[in-house]
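Take this structure first; my questions come after.
Note that these values count all heavy atoms, side chains included, but never hydrogens, waters or copies made by symmetry.
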Amino acid sequence: MIIDCFCFSVPNLSSTDYSIGENDSKNTIWIKTKEKELMDSVKENDMLVLFDRSTKKFYKDGAEIDVKNKIVFPRSFIPYEEELLSFLEQNGALAIQTKEDLKKIMYWPQSIQPVHRRVVSTTYGEFQQNSQIYGSMFKSIFFKTAKKSHASCILNFFGFIDIKKKHFATKPTLWDVSLEDDVFLSEVFEPIRDEVNDMSCKEYRVFVFNNTLLSISRSYVDYPTDVPHEVVLFVEEQIEKVASLPDFPGSYVLDVGQVLVDGKEVIDIIEFNPISSAGLEVCNLLADAVAKPSKRPRFVRKTIDETHS
């Protein structure tokens, strides 16, 4: 099977989520601009379908369509992601990432570990209760919530502080994190400055489709760059490892980096992200890999009956 269309979640047929606001940060402007570029490229290749959040229906060129049995590449911002995946499933579409896949990718450390460091998956409440244990486990802690819209930081100090007898304080203070929030704890890694390209890190964003490398691009740039051969080899090795896991999705986004761990330069996994909402870098790499009719990759899902593959 090949991908039939990209499906973008929009407020309604006459608007998108990509309009630039005067209060948007540089990062938000980047995200909206790249997503709009992808949408335009997909439309040029006659693969654009819109999910109208006001009507809860699917449209192509302004006309309602039936997405049943269509192979769909979903795209959405995080707040609308689950809704899009749910309605695709309800309408019989074969999305390359399902709502069930989303949860597994979000909680990736429960299935996969980086090569050179450990990631612990827990809750903020459990972290509070066992802060001393974690303090002895890691030299310094990189703290990140499983939900992408929440907090991430390096904890310089943490412990119980009596603030009106109900608050647990860290430095920096994490007031926006609830006790029930799922969090990831890991040893801090240091970015390596890229002197050649005058950048503060060497990170790469990898789109993986059906356990196959779809596109790889340098993070934080708007133009194609050379990817070191050793990075490509590392990525291919990780994709192969993930493919051997029976319960982990075959389509996802993998971030890797050339980083310092304990003072040693290594290539390692930074994190996994859902393919339906992960931000784009050089979006034309993804569009060329999927949207061009002559290059559309075939889609096979383990849970789909053999007659559909």
Would you please test C7 and F58 for side chain to side chain contact (heavy atoms under 4.5 Å, CB included) and show each step? CA-CA 8 Å; C7 183; F58 298 90; 3.7 Å; yes

Measure across I269 and P114 and return the closest heavy-atom pair with its distance rounded to 0.1 Å.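 That closest heavy-atom pairing would be O-CB, 3.9 Å.
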
Measure across P249 and K104 and return the closest heavy-atom pair with its distance rounded to 0.1 Å. CD-CB, 3.9 Å

Side-chain donor-acceptor pair under 3.5 Å between S276 and Q97, yes or no? yes

Taking the six-membered ring of W30 (Phe, Tyr or Trp), confirm whether the NZ or CZ of K26 is under 6.0 Å from its centre and within 45° of its axis.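 The answer is no, since K26 fails at least one limit relative to W30.
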
Step-by-step side-chain hydrogen bond (donor to acceptor under 3.5 Å, both in side chains) determination, S9 to R53: CA-CA 7 Å; S9 173; R53 297 198 295 268; 2.9 Å; yes

Residue pair S277 / E81, side-chain donor-acceptor N/O under 3.5 Å: yes

Is the shortest side-chain heavy-atom distance between V72 and I3 below 4.5 Å? no

Taking atom types as modelled and ignoring hydrogens, do the side chains of S25 and N27 form a donor-acceptor contact shorter than 3.5 angstrom?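 There is no such pair between these side chains.
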
Surrounding CD of E240 (heavy atoms of other residues, nucleotides or ligands, distance under 6.0 Å), is the total greater than 12?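 No, not enclosed.
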
Counting neighbours of CD on Q132 that are heavy atoms of other residues, nucleotides or ligands and sit closer than 6.0 Å, is the number greater than 12? no

Does a donor on one side chain sit under 3.5 Å from an acceptor on the other, for D182 and Y107?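 Note: D182 and Y107 side chains meet the donor-acceptor criterion.
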
Classify the angle between the aromatic ring planes of F248 and Y252 as parallel (below 30°), tilted (30 to 60°) or perpendicular (above 60°).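 Ring orientation of F248 relative to Y252: perpendicular.
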
If we ignore angles and hydrogens, is there a donor and acceptor under 3.5 Å between the side chains of Y134 and Q128?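 Judged by distance alone, the side chains do not pair up.
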
Is it the case that over 12 heavy atoms from other parts of the model lie below 6.0 angstrom from the OH atom of Y220?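 No, not enclosed.
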
When you compare the side chains of S219 and R205, does any donor N or O come within less than 3.5 Å of an acceptor on the partner?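 No donor-acceptor contact under 3.5 Å links the two side chains.
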
Decide if the gap between the ring center of F87 and the ring center of F51 is smaller than 6.0 angstrom.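 Centroid separation for F87 and F51: below 6.0 Å.
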
Quick one: are the ring centres of F138 and F143 less than 6.0 Å apart? no

Under a 3.5 Å threshold, yes or no: a donor from one side chain and an acceptor from the other, between D52 and S54? yes

D24 CG to I31 CD1 distance, which is reported to the nearest 0.5 Å: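 Reported value, rounded in 0.5 Å steps: 10.0 Å.
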
Under 3.5 Å side-chain donor-acceptor pair for Y204 and E281: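 On atom types as modelled, these side chains do not qualify, holding no pair under 3.5 Å.
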
What is the minimum heavy-atom distance between L50 and L13, and which atoms define it? CD1-CD2, 4.1 Å

Which pair of non-hydrogen atoms, one from L84 and one from P74, has the smallest distance, and what is that distance? CD2-CB, 3.9 Å

Looking at R193, I want to see if its CZ is surrounded by more than 12 non-hydrogen atoms of other residues, nucleotides or ligands under 6.0 Å. yes

So which atom in I275 and which in V253 form the shortest heavy-atom distance, rounded to 0.1 Å?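 Taking every non-hydrogen atom into account, CA-CG2, 3.9 Å.
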
Do Q113 and V119 have side chains that get closer than 4.5 Å, going by heavy atoms?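 Heavy-atom side-chain distance check passes, below 4.5 Å.
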
Check step by step if salt bridge (charged side-chain N to carboxylate O under 4.0 Å, His left out) holds for R75 and E35. CA-CA 9 Å; R75 290 296 298 177; E35 202 68 16; 2.8 Å; yes

Please evaluate residues E203 and R218 with respect to the criterion salt bridge (charged side-chain N to carboxylate O under 4.0 Å, His left out), reporting the C-alpha separation (whole Å), side-chain torsions for both, the decisive distance (0.1 Å), and the verdict. CA-CA 6 Å; E203 293 185 10; R218 182 65 182 273; over 6 Å; no

Reported CG-to-CD distance for the pair L286 and E37, which is rounded to 0.5 angstrom: 12.0 Å

Under a plain distance cut-off of 3.5 Å, with no hydrogens placed, do D255 and N273 share a side-chain donor-acceptor pair?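 Yes, side-chain donor-acceptor contact under 3.5 Å.
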
Checking K60 side chain against D46 main chain: does a donor-acceptor pair fall under 3.5 Å? yes

Write down the atom of G250, the atom of V208, and the distance for their closest heavy-atom approach.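 Heavy atoms of G250 and V208 come nearest at O-CG1, 3.7 Å.
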
Apply side-chain hydrogen bond (donor to acceptor under 3.5 Å, both in side chains) to residues N12 and S14 and explain how you reach the verdict. CA-CA 6 Å; N12 52 65; S14 60; 2.7 Å; yes

